[in-house]
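Chain letters run A, B, ... following the sequence lines, proteins first, then strands; residues in each count from 1. Computed from a prediction, not measured in an experiment: that's the story for all the values here.
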2 protein chains.
Amino acid sequence: MRPIQFVAKTAGVSVATVSRVLNNSPLVKESTRKKVMETIKALEYEPNSLGRELRRAETRRIMVLTPSLVFPIMADVYKGIQDVAQKNGYQVLVCASEDDHDKEEELLQMLKKKIVDGVIIVASTLSAEELDQLAKDYSIVQCSEYEQVQHAYSVSVDNEQAAFDAVSHLLSLGHRRIAMVKGGNAKSSSAAREQGYRRALESAGIEVRQEWIRESDYEYQNGYDLAVEWLQAAEHPTAIFCSSDATAIGCVNGAISLGKSVPDDVAVVGFDDTVESLMSRPPITTIRQPKYDLGRAAMEALLQSLRGEAGKNKTILLPHEIVIRESTAKRSR
Amino acid sequence: MRPIQFVAKTAGVSVATVSRVLNNSPLVKESTRKKVMETIKALEYEPNSLGRELRRAETRRIMVLTPSLVFPIMADVYKGIQDVAQKNGYQVLVCASEDDHDKEEELLQMLKKKIVDGVIIVASTLSAEELDQLAKDYSIVQCSEYEQVQHAYSVSVDNEQAAFDAVSHLLSLGHRRIAMVKGGNAKSSSAAREQGYRRALESAGIEVRQEWIRESDYEYQNGYDLAVEWLQAAEHPTAIFCSSDATAIGCVNGAISLGKSVPDDVAVVGFDDTVESLMSRPPITTIRQPKYDLGRAAMEALLQSLRGEAGKNKTILLPHEIVIRESTAKRSR
DNA sequence: GTGAAAGCGCTAACAG
DNA sequence: CTGTTAGCGCTTTCAC
C-alpha cells in the first residue's frame, strides 16, 4: 500500500491538498480536485484508516457486545443498529463474549485502546458499578438487558409489564395454575418479569407458588425438562409462561411427550417472537419485542452520546405487544 | 488518555523502555521493569492501539464476513474461529452483509484500509474472480461456502457427497420419489448438493425430475410452501431432501397441515444439524457439519496465510455425518 | 488555493 | 541495559 505522499507526488500537489480532496474540503480549486481524484483512481489509492484515526482520535466504529450470536433478539437488533450506523458513517462490529466475564473485559478494552468509539451492550455479566464506571469515560448504551446506572443510556421494553400482560392473557383464559420459567437470575429482565408475573397473579387473588417459578438458560431442553417435571406432579400447572420462545417450544414438546395436548391440557406462552415460535406445532403465543426498533434506538442514543449531546440517565422503553397464537386457547370452565 | 511519554516521564525512564516493558522485551532490567509496571498500573495507562498498529502495520484483528448473524452454522463456526484466534492473540469481528454486494465491498475495504489483517468469508455474493483478485493481495479464507479460486484457502465439507449420503439414506428406506429443496443458486454448495442428489438417484436407476428440484432461501416458510405445493399434486414425492433444517421443518409442518404424517406419508431430511432440528416434531434427520471444527480450521488456515507460510490453493474438506432421527423411517414396501 | 511542517501514540534502529 | 530519534500515514494549523 502506497501512502498519501505517493499520490501527492504523482499528482504534482502537496499531501495537504490530497488530504483536502479526500475529505471533501471546499477550499480546493475544481481543476485541482479533478486532477487529484484522477490520480487517486489511477493509483487505486486507499487511505490508511489507521493514520487518519490516530490523528483524529476517532474511529467511526462501534462494537455490539452480545453473549452469543444466537442471542434470541440479536439478529434483528443488529439490523436496526446497522441501518442507523451506516446512515451516519459508522461501522458496526459484533463481538460475542459467551458470557465470559474476562472476555467481556478484554473486549471492552477496545474502548480504552481506541479501537472503537462506543459500545452497545445487548447483555453482559458486568455489574451496575462496573458499567457505570466505564460509562463515565466512554459512550455506552445498553440495549435490551440493562442495569440501572447513571451514566449509560438504556433502551429496552417494560419487562415487568410484558410479563404482566402475558400472565393476564393466561388468566383471562381461565387459567389459575400458572408456572413461570424465568431467565437466568443474573439477567435484569429476569427479576422484572418475575415481578410482573407475581403482580398479575396477586391482582387476581392467586397465591404465588415458589415451586412453580424456575430458572433457565433460555434453551429448548430446559423448557422440555421443566414441563415434564411439572406435569408429572400430582397437582400441576395448566399454563406455563416462559422467558424465551425456545424454552416455550421445549415446554410444548415436553407436554406432548407426556401425552398431554397443547393448549387443552396446558397452555404455553413464550417471549421475543422469534422465528421458531412459528415452527412449533402448535405455534407459540409470545411477547413481541420491537427488536429492530430497539436496535435503531440504541444506535441513535449512542450517536447522541458520542456527539456529547448528552441528556444522561436516559432510559428509553419501547412498546411490546402480545401475539396470540394456538399454544394458548380459551379454557372451558 | 495519556500517552506513553507521560508514563515514561513519571517512571523516570525513556519511552523506549516503557515500550519494551509493554512488549515483554527480555532486555529490561528486572528492577526497571517493576518500576515501570507500577507506574503503568498507578496511572491506569492503556496503550493506544492505533499508534502501535500504525507503526507495526498490523492489527491482530480479523473479520468474519457472513450474510447474516443467524446464518445457520454461524454461531458454532464463530466459536471455533474465536477459540483459535484468542489463543493466538487475535481479535475477531463479525460483520453481516445481509447479502448486499455493496455492503460486502465496503466491509472488505477494511482489508485495504488496514483495519483488519485478514478475513474469513462464510458466504458472500462475490464472484470467483473478485475473490481471487482480492486474495492475491490479502489473506482470505473461505469457510463453508466457497468458490474455486487460486489464492484463497477454503474450508468446507464435501457437499456433493453429503447430499449423496442423504439421498442414499432415503433410497435405502425404499423411497423412489424424492424431491430436493436446494439453496439459492448463487451459493456454491447448492450446485454441489444438487449434483450429489442427482448422482444418488441415477446410481439407483431413478430418473431425475426437474419439477422436484426447487430453489429456496433456507427459510422455514419456503419449505412449508413447497411441501404444500408438491404434496397436493396428483403424483407427489414420498421424501424431501432440504438444504437447511429450517426448510426441513417447514416441509414437515406443511405436510402435517395437509393431514399427512411424517415420516409415514413423507420423509424429510435437513442439513446442518442446528438446534431447531430437535425442536421439530418429529425431530429431523439431518446432515451434521463439523461446524466448530470448520471454524477452527478456517482460523488456522488464516493464521498460516497471515504468517506467509503459504501452501496456496488449499481446499480442506472436513468429514460430515448423517444424523438419523424420526423424520425418516423405514418404508414398508 | 495551496504548501510546509508539526504531531497523533507507538515501535525499532542505532548509539552508547 | 537504556535513551535518542526517526518515522508509520494522516489531518490540520499556519504561512504564503
Take B:K35 and B:E38, measure what salt bridge (charged side-chain N to carboxylate O under 4.0 Å, His left out) needs, and give me the verdict at the end. CA-CA 5 Å; B:K35 184 174 58 179; B:E38 275 161 11; over 6 Å; no
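Regarding B:R56, its CZ atom lies at a distance of 16 Å from the P atom of D:dG9, rounded to whole Å. If you measure from atom CD1 of B:I4 to atom P of D:dT4, you get 14 Å, rounded to the nearest angstrom. A:L54 places its CG atom 12 Å from the P atom of D:dC10, with the value rounded to the nearest Å. What separates CD of B:Q5 from C1' of D:dT4 is a distance of 13 Å, to the nearest Å. The distance between atom CZ of A:R60 and atom C1' of D:dC10, rounded to the nearest whole Å, is 16 Å. Here D:dG9 presents its P atom at 18 Å from CZ of B:R52, a figure rounded to the nearest Å. Regarding B:I115, its CD1 atom lies at a distance of 12 Å from the P atom of D:dC10, rounded to whole Å. The distance between atom CG of A:L50 and atom P of D:dG9, rounded to the nearest whole Å, is 10 Å.
At a threshold of 4.5 Å between non-hydrogen side-chain atoms, the residues B:E53 and B:K114 do not count as touching. Side-chain atoms of A:C143 and A:V77, non-hydrogen and from C-beta on, do get closer than 4.5 Å to each other. Put simply, the side chain of B:R61 reaches to within 4.5 Å of the side chain of A:I115, judged on heavy atoms. For the pair B:T17/B:R20, a side-chain contact is recorded, criterion being any heavy-atom separation below 4.5 Å from C-beta on. Using a 4.5 Å heavy-atom cutoff, the side chains of A:Y90 and A:L306 are in contact.
Within the nucleic acid shown, A:S19 comes within 4.0 Å of at least one base atom, counting heavy atoms only. Among the atoms of the strands shown, none is found under 4.0 Å from any heavy atom of B:A57.
DNA chain D is contacted by both A:P3 and B:T17; B:T17 maps to the nucleotide lying nearer its 5′ end (nearest heavy atom per residue). Comparing A:L27 and B:N48, the nucleotide of DNA chain C nearest to each residue sits closer to the 5' end for A:L27. Summary of the strand contacts: B:G12 and B:G51 both lie near DNA chain D, and taking for each the nucleotide with the nearest heavy atom, the more 5' one is attributed to B:G12.
Paired with A:I140 under the rule side-chain contact (heavy atoms from CB on, under 4.5 Å), one option of A:L126, A:L302, A:I121 passes, and it is A:I121. Just one residue in the list B:V18, B:V13, B:V15 forms a side-chain contact (heavy atoms from CB on, under 4.5 Å) with B:V7, and that residue is B:V18. Each of A:Q142, A:Q148, A:E145 was evaluated against A:S188; a single residue qualifies, A:E145, per the side-chain contact (heavy atoms from CB on, under 4.5 Å) test.
Of the possible donor and acceptor atoms, one in the side chain of B:R33 sits under 3.5 Å from a partner among the backbone N and O of B:S25. A donor-acceptor contact shorter than 3.5 Å links the side chain of A:E104 to the backbone of A:T125.
In the helix from C:dG1-D:dC16 to C:dG16-D:dC1, the rotation axis of the first five pairs and that of the last five pairs differ in direction by 40°, rounded to 10 degrees.
Less than 4.0 Å separates DNA chain D from at least one heavy atom of each of the following residues of residues 29-46 of chain B: B:K29, B:T32.
Note that CD of B:Q82 is 9.5 Å distant from OG of A:S97, once rounded to the nearest 0.5 Å.
From the 5' end on, the contacts that DNA chain C makes with chain A at under 4.0 Å to a non-hydrogen atom open and close at C:dG1 to C:dG9.
Proximity note for A:R20 (side chain, C-beta onward) versus D:dC14, D:dT11, D:dC10: the nearest is D:dC14.
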